[in-house]
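Here the structure is laid out as structure tokens; the discussion comes afterwards.
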Amino acid sequence: MKHIHRRIGALVLLAAIGLRGPALIAGAGLNWPDDQLLPTFSATVSNLDCIDLRSASGAEIDLFASLEGIVNRTQPRIACAERREEEGRFTWLKVHELPYNLVNGYETLLKYRTNVTGLVVTDPNQPHTLNLATTMAGVNNELICDPSLLAALTNAPYNLAIVDDLRGRFADKYEVYHYLYTNYWPRCTHRIFAGMGPTLHGHLRDYLVAVKSATVWLGPGKAQDAELLRQFVSTMKPVSGVYMGWWPGEGDGLKWIADYGIPVLASDFFCNATVFSGVAHSIKIPEIPPLPRLENKVYVAMILSDGDNVQYMQHTMKKDWEDASRGTIPLGWTSSPLAVDLDPMMLDFYWRTATTNDCLVSGPSGAGYAHINDWSAGFLEAFTKVSAPYLQRSGLRVITIWDRVNTRMAQSFATNCPNLLGLTDQRGRYNKVDAGLRTIGLTPTYTSTVKEMIAGITNAAKAWHGEAPLFIAAQCNVWNLGPAGLLDVAHALDTNQYKLVRPDHLFLLAHQAMEH
């Protein structure tokens, strides 16, 4: 799935690699049961220190992100107000009902000076040392320090010591990540592994520091990258760990990691995860509205991507949610079930403010982004079992599958996810009922314009003669087409022939039609 937003703009392991479990992090303020893919942070303090980053440099953003991660691991006390043009800098703090004081980052550093051991200095000539420093910050409680900040931080009033200096030590990224693997992977969590662009400042880094994740930027499309990645990922437990952040190449990354049964959570631009993961909040799932009367019409459910991408939920989805067109026609909004761990109140916000025309559905392909047609039968079975409680807790009853649904896949979801109403097939070719669970092909599958969306729907309905209802699911690329554009699509469809419905209604009506 194209994450075009990239163009737009825990645990110390006390023994051998692979040892893990909640006992290892209980004293760190994190709750991470074996059956939970992401940890829950301690309850947030009643009044956060919110660092104003409007005028901060990239180096300062990384410095304060590492401070946020180290401090918030024990209890969330610090938030960072990053420069946001989409949903607004303080929007989510207000949605989460978190009081805060806007503070200067350097004053906050003085306040929490005793929480850190010193500095890990990055090498601007080798950008990948930022990821190594992120890893070391988590394991050693060191602050990430660009050399430009040394004069200030090593002198009064901070007087921070240089504990690790990465300058001039590595010829290329492979030396950086070999060093990380040899010296830090045994002391990192093996339940989260992350990819972050070496020039991407802040964002998810506070979370990666807090959970003590190894952080790299390697693309398995290159043989040398793939071999180095294999050393890390092969020691993770399948369908128990999560790859967070992102990849240099989406297709290569998703296909490669399928061999290890590790789901992906696109999250490199997610902000303040260490704060929002600590806001305990039950998700109030609304009842499905009454079904419309079944008629001999073409029923169409229009679905917006890109809900495998949790930062889309935090940024672009929030902006689209405020579109005046929302609520005027039925729409499906893809969301990540893993938000129940990472930010439950964000997911509850969308359900709580949804109109009866808004229906949240799961992005591909359940509890994490996965091209599960590339997964082995055993990993698939484990994945559908892991997905079931996440789907139930999040209230998501339809899953968009990327890429191809097959009988084995559909039957596994049908057996292990009893609350599901149906699946959509990204390739638009699989329309069957397996073990009682219906699959409807997405037609069109990832359309970017109003014209293409209309053409895809009307072409799919050409063979319809009005003798029985027809059911069509159509997905748009949310980075190019939003609620207002889909309203234009709705206006172009003849209401005597077409009826727009929510995705859950589409599957319920399709089942009803089967019974007649």
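These numbers were taken from a predicted model, which means no experiment stands behind them.
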Pairing donors with acceptors under 3.5 angstrom, does anything connect the side chains of Asn131 and Tyr177? yes
Taking NZ, NE, NH1 and NH2 as the nitrogens, is one of them in Arg397 or Asp504 under 4.0 Å from a carboxylate oxygen of the other? no
Given Val275 and His96, is the side-chain contact (heavy atoms from CB on, under 4.5 Å) satisfied, shown in steps? CA-CA 10 Å; Val275 175; His96 288 75; over 6 Å; no
Consider side chain to side chain contact (heavy atoms under 4.5 Å, CB included). Of Arg427, Gln426, Arg429, which one does Thr445 pass it with? Gln426
Please find the pair of heavy atoms, one from Gln512 and one from Leu294, that lie closest to each other, and give the distance. OE1-CB, 3.3 Å
What's the spacing between Thr424 OG1 and Trp402 CH2 if we round to 0.5 Å? 10.5 Å
Is the CZ atom of Arg352 crowded by more than 12 outside heavy atoms at less than 6.0 Å? yes
Shortest non-hydrogen contact from Asn31 to Gln36? O-NE2, 3.7 Å
Please answer whether the main-chain N or O of Gly307 pairs with a side-chain N or O of Trp333 as donor and acceptor at a distance below 3.5 Å. no
Would you call Thr384 and Met409 a side-chain contact if the rule is heavy atoms closer than 4.5 Å? no
List the steps, then state whether side-chain contact (heavy atoms from CB on, under 4.5 Å) holds for Asn477 with Ser305. CA-CA 6 Å; Asn477 178 345; Ser305 68; 4.3 Å; yes
Could you give the distance from OG1 (Thr135) to CZ (Arg205), rounded to the nearest 0.5 Å? 9.0 Å
Is there a side-chain contact between Asp348 and Ser282 in this structure, where contact means two heavy atoms from C-beta onward sitting under 4.5 Å apart? no
Examine distances only and state if a side-chain atom of Tyr430 and a backbone atom of Thr407 form a donor-acceptor pair shorter than 3.5 Å. yes
I'd like to check Trp217 versus Lys173 (side-chain heavy atoms, cut-off strictly below 4.5 Å). Are they in contact? no
Without hydrogens or angle criteria, can the side chains of Tyr446 and Asp306 be said to hold a donor-acceptor pair below 3.5 Å? yes
Check the pair Phe507, Leu420 against side-chain contact (heavy atoms from CB on, under 4.5 Å), reporting the backbone distance first and the verdict last. CA-CA 10 Å; Phe507 283 98; Leu420 269 185; over 6 Å; no
Mutual orientation of the aromatic rings belonging to Phe269 and His203 [parallel < 30°, tilted 30-60°, perpendicular > 60°]: perpendicular
Any non-hydrogen side-chain atom of Leu130 less than 4.5 Å from a side-chain atom of Thr215? no
Mark yes or no for whether Trp92, through its side chain, and Gln314, through its backbone, hold a donor-acceptor pair below 3.5 Å. yes
Test item: Leu331 and Arg326 side chains (from C-beta on) under 4.5 Å apart, heavy atoms: no
Can you give me the closest heavy-atom contact between Ile401 and Pro364, atom names plus distance? C-CB, 4.3 Å
Counting neighbours of CD on Glu381 that are heavy atoms of other residues, nucleotides or ligands and sit closer than 6.0 Å, is the number greater than 12? yes
Is the side chain of Arg393 donor-acceptor paired with the backbone N or O of Ile283 at a distance under 3.5 Å, no angle test? no
Met236 vs Phe193, side-chain contact (heavy atoms from CB on, under 4.5 Å): CA-CA, chis, key distance, verdict: CA-CA 9 Å; Met236 298 176 70; Phe193 179 53; 3.7 Å; yes
So do Met317 and Ser335 actually touch side chain to side chain, heavy atoms under 4.5 Å? yes
Approximate separation, where rounding is to 0.5 Å, of Thr458 OG1 and Lys462 NZ: 7.0 Å
Determine yes or no for a side-chain-to-main-chain donor-acceptor pair under 3.5 angstrom, with Thr189 supplying the side chain and Val211 the backbone. no
Taking Tyr498 for its side chain and Ala461 for its backbone only, find out whether a donor-acceptor pair lies under 3.5 Å. no
Inter-residue atom distance Asp252.CG - Trp247.CH2, 0.5 Å rounding: 9.5 Å
Please name all residues satisfying ring pair (Phe, Tyr, Trp, His ring centres under 6.0 Å) with His505, sequence neighbours left out, ordered by chain then number. none
Side-chain contact test, heavy atoms from C-beta onward, threshold under 4.5 Å: evaluate it for Pro469 versus Glu295 and give yes or no. no
When rounded to the nearest 0.5 Å, the distance separating OG of Ser325 from CG of Asp488 is 8.0 Å
About how many Å separate OH of Tyr390 and SG of Cys417, when rounded to the nearest 0.5 Å? 13.0 Å
Are the ring centres of Trp479 and Tyr312 closer than 6.0 Å? yes
What heavy-atom pair brings Val139 and Cys188 nearest, and what distance separates the two atoms? CG2-SG, 4.0 Å
If only atom types and distance count, is the side chain of Arg408 paired as donor or acceptor with the main-chain N or O of Leu380 below 3.5 Å? no
Is the shortest distance from a Lys or Arg side-chain nitrogen in Arg230 or Asp259 to a carboxylate oxygen in the other one below 4.0 Å? no
With His190, which of Trp185, Tyr260, Tyr184 fulfils ring-ring contact (aromatic ring centres under 6.0 Å, His included)? Trp185
Before accepting this row, confirm whether a basic side-chain N of the pair Lys432/Asp434 lies closer than 4.0 Å to the acidic partner's carboxylate O. no
The side-chain contact (heavy atoms from CB on, under 4.5 Å) partners of Thr274 (sequence neighbours excluded) come to Phe41, Glu68, Asn72, Asp206, Tyr207, Ala210
Closest heavy-atom contact between Gly332 and Pro503? CA-CG, 3.6 Å
Side chains of Asn357 and Pro330 in contact at under 4.5 Å (non-hydrogen atoms): yes
Side chain of Arg404, backbone of Asp425: donor and acceptor closer than 3.5 Å? no
Whether Asn459 side chain and Gly456 backbone form a donor-acceptor pair below 3.5 Å: no
If you take all heavy atoms of Ile285 and Gln392, which pair is closest and at what distance? CD1-O, 3.6 Å
Any idea how Tyr369 and Trp246 line up, ring-wise: parallel (<30°), tilted (30 to 60°), or perpendicular (>60°)? parallel
Check whether any side-chain N or O of Asn431 sits under 3.5 Å from a backbone N or O of Gly441 as a donor-acceptor pair, and report yes or no. yes
